[in-house]
Chemist: 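To start, I am sharing the structure in question, which I have written as structure tokens.
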Amino acid sequence: MFSDFDLNFAIFGVMPYVALTIFLVGSIARYERDPFTWKSSSSQLLRRKQLILGSILFHVGILTVFFGHLVGLFTPIWVLDALGVPYALKQWMAVLIGGPAGIAALIGGTMLLHRRLTDPRIRATSSHADIVIMVLIWLQLAIGLLTITQTLQHMDGSEMVRFMMWSQSVVSWNINAWVTVVDVHWLYKLHIFLGLIITMLFPFTRLVHIWSGFAAVFRYLVTRRGYQIVRSRRQTALPRARNVTTAAQAAARSGGKSSARRAPAE
């Protein structure tokens with residue numbers, strides 16, 4: 001029954017769609033069911049100095065790596081050809097920019113993980129999910145840096161093009177996308193696999209607050225400028241004051257001819 005089963009097809013052909021479905025549906029479900037858990041659970045009041053340095057290194061590094069992957073993998077190949085960008089140049093840019101960014105993120109992540117595991121107060125406020133997801137991200141960064149050893153052996157950009165084709169084939173619903181990466185080095189495969197695992201765990205961990213960071217740009221700067229969004233746990237509306245008449249109400253009742261007066265107390 002399973003004689004024709006191919007693990008590569010399961011991981012690189014089916015798993016991406018499972019991961020993306022869990023990522024989107026899980027995020028929406030968590031926001032609808034548990035909106036008050038949609039946060040990063042900051043512990044900045046404890047060992048603040050180590051937090052600031054580690055957080056800056058981690059976030060700057062990992063954001064650079066993330067957007068580098070996003071642009072590098074999903075830029076159509078025909079765009080590079082039209083602009084005359086050599087694949088080798090793009091490969092060197094990935095190494096020279098992604099390498100230092102990955103190292104910075106790994107150092108920052110190490111500091112944050114050490115802080116969370118060794119400080120009893122911070123450990124007491126950390127959930128198992130907090131620790132697991134940080135360990136997985138640390139491993140992902142370490143494996144990503146190790147893949148540079150293989151990338152340096154293919155600086156003509158051929159391997160990079162294969163991953164671009166795989167990524168773009170996945171989002172275009174090409175069921176045969178997995179064939180593109182079936183024979184790449186196992187470090188690359190492990191890097192992709194762990195990335196898909198983190199994607200599936202995203203809605204159920206502190207990572208979910210990343211949605212808020214991206215949405216804030218549009219919510220505060222575009223659609224709701226000047227407003228602060230506050231979530232209230234109150235189940236019923238506040239009672240209206242019965243013994244105070246506002247200026248607008250008083251003016252409306254008097255036809256706008258008299259000033260607002262305080263209504264007599266009942």
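These numbers come from the heavy atoms of this one structure, side chains and all, not from hydrogens, waters or symmetry mates. As the structure is a computational prediction, the values presented were derived from the model and not from experiment.
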Chemist: Once the angle between the rings of Phe12 and Trp166 is folded into 0 to 90°, is it parallel (under 30°), tilted (30 to 60°) or perpendicular (over 60°)?
Modeler: perpendicular
Chemist: Taking Thr180 for its side chain and Ala177 for its backbone only, find out whether a donor-acceptor pair lies under 3.5 Å.
Modeler: yes
Chemist: Could you tell me which non-hydrogen atom of Ala105 sits nearest to which non-hydrogen atom of Gly61, and how far apart they are?
Modeler: CB-C, 3.8 Å
Chemist: Taking all atoms of both residues into account, what is the closest heavy-atom pair of Lys189 and Val182, and its distance?
Modeler: NZ-O, 2.6 Å
Chemist: Is it the case that the side chains of Asn174 and Ser172 hold a donor-acceptor pair, with the cut-off being a distance below 3.5 Å and no angle test?
Modeler: no
Chemist: Let me see the working for Val184 and Gln150 under side chain to side chain contact (heavy atoms under 4.5 Å, CB included), right down to the final yes or no.
Modeler: CA-CA 10 Å; Val184 299; Gln150 299 301 314; over 6 Å; no
Chemist: What's the spacing between Leu20 CG and Met15 CE if we round to 0.5 Å?
Modeler: 11.0 Å
Chemist: Just so I know, are the side chains of Val179 and Phe9 near enough to count as touching, which here means a heavy-atom distance under 4.5 Å?
Modeler: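 In short, these two side chains do not touch, never coming nearer than 4.5 Å.
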Chemist: For atom CZ of Phe204, is the number of surrounding heavy atoms from other residues, nucleotides or ligands below 6.0 Å larger than 12?
Modeler: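 Yes, because the 6.0 Å sphere around CZ of Phe204 holds more than 12 heavy atoms from other groups.
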Chemist: Step by step, would you call Phe74 with His69 a side chain to side chain contact (heavy atoms under 4.5 Å, CB included)?
Modeler: CA-CA 8 Å; Phe74 294 101; His69 278 66; over 6 Å; no
Chemist: Are Thr151 and Met160 side-chain neighbours, meaning at least one heavy-atom pair lies under 4.5 Å?
Modeler: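 No. Closest side-chain heavy atoms not under 4.5 Å.
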Chemist: May I have the step-by-step check of side chain to side chain contact (heavy atoms under 4.5 Å, CB included) for Val161 and Ile77, ending in yes or no?
Modeler: CA-CA 8 Å; Val161 171; Ile77 297 176; 3.7 Å; yes
Chemist: Identify the two heavy atoms, one from Gln91 and one from His154, that lie closest to each other, and give their separation to 0.1 Å.
Modeler: OE1-O, 3.9 Å
Chemist: Does Phe202 reach the side chain of Ile22, with side-chain heavy atoms less than 4.5 Å apart?
Modeler: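 Result no, sub-4.5 Å side-chain heavy-atom pair not found.
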Chemist: If we only count heavy atoms from C-beta on, is the Ile137 to Leu207 side-chain gap below 4.5 Å?
Modeler: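 A side-chain contact under 4.5 Å exists here.
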Chemist: Taking Arg206 for its side chain and Met134 for its backbone only, find out whether a donor-acceptor pair lies under 3.5 Å.
Modeler: no
Chemist: So which atom in Thr147 and which in His191 form the shortest heavy-atom distance, rounded to 0.1 Å?
Modeler: CG2-CB, 4.4 Å
Chemist: Drop me the distance from Ile11's CD1 to Leu190's CG, to the nearest 0.5 angstrom.
Modeler: 9.5 Å
Chemist: Treating Ile, Leu, Val, Met, Phe, Trp and Tyr as nodes and any side-chain heavy-atom pair under 4.5 angstrom as an edge, say whether Val85 and Val95 lie in one connected cluster.
Modeler: no
Chemist: Quick check against the 3.5 Å criterion: does His59 have a side-chain atom that pairs as donor or acceptor with the backbone of Ser55?
Modeler: yes
Chemist: So which heavy atom on Met164 is nearest to which on Thr75, and how close?
Modeler: CE-O, 3.0 Å
Chemist: Indicate, with yes or no, if Leu201 and Ile62 share a hydrophobic cluster defined by side-chain heavy-atom contacts under 4.5 Å among Ile, Leu, Val, Met, Phe, Trp and Tyr.
Modeler: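 Yes, one cluster joins them.
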Chemist: Looking only at heavy atoms, which two atoms of Tyr87 and Asp81 are closest? And how far apart?
Modeler: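 Closest approach of Tyr87 to Asp81, heavy atoms only: OH-OD1, 2.8 Å.
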Chemist: Below 4.5 Å, heavy atoms only, C-beta onward: do Glu159 and Tyr188 meet side chain to side chain?
Modeler: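 SC-SC contact between Glu159 and Tyr188 confirmed.
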Chemist: Phe66 and Leu136: same hydrophobic cluster, using ILVMFWY side-chain contacts below 4.5 Å?
Modeler: yes
Chemist: Do Met155 and Trp92 touch side chain to side chain, with heavy atoms closer than 4.5 Å?
Modeler: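 In short, these two side chains touch, coming nearer than 4.5 Å.
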Chemist: Is there a continuous path of hydrophobic side-chain contacts, each under 4.5 Å between heavy atoms, that joins Ile198 to Leu146?
Modeler: yes
Chemist: List the steps and the verdict of side chain to side chain contact (heavy atoms under 4.5 Å, CB included) for Leu145 and Ile148.
Modeler: CA-CA 6 Å; Leu145 289 172; Ile148 295 179; 4.1 Å; yes
Chemist: Side-chain contact test, heavy atoms from C-beta onward, threshold under 4.5 Å: evaluate it for Asn176 versus Ser169 and give yes or no.
Modeler: no
Chemist: Do Ile103 and Leu112 land in one hydrophobic cluster if side-chain heavy atoms of ILVMFWY residues count as linked below 4.5 Å?
Modeler: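 Same hydrophobic cluster.
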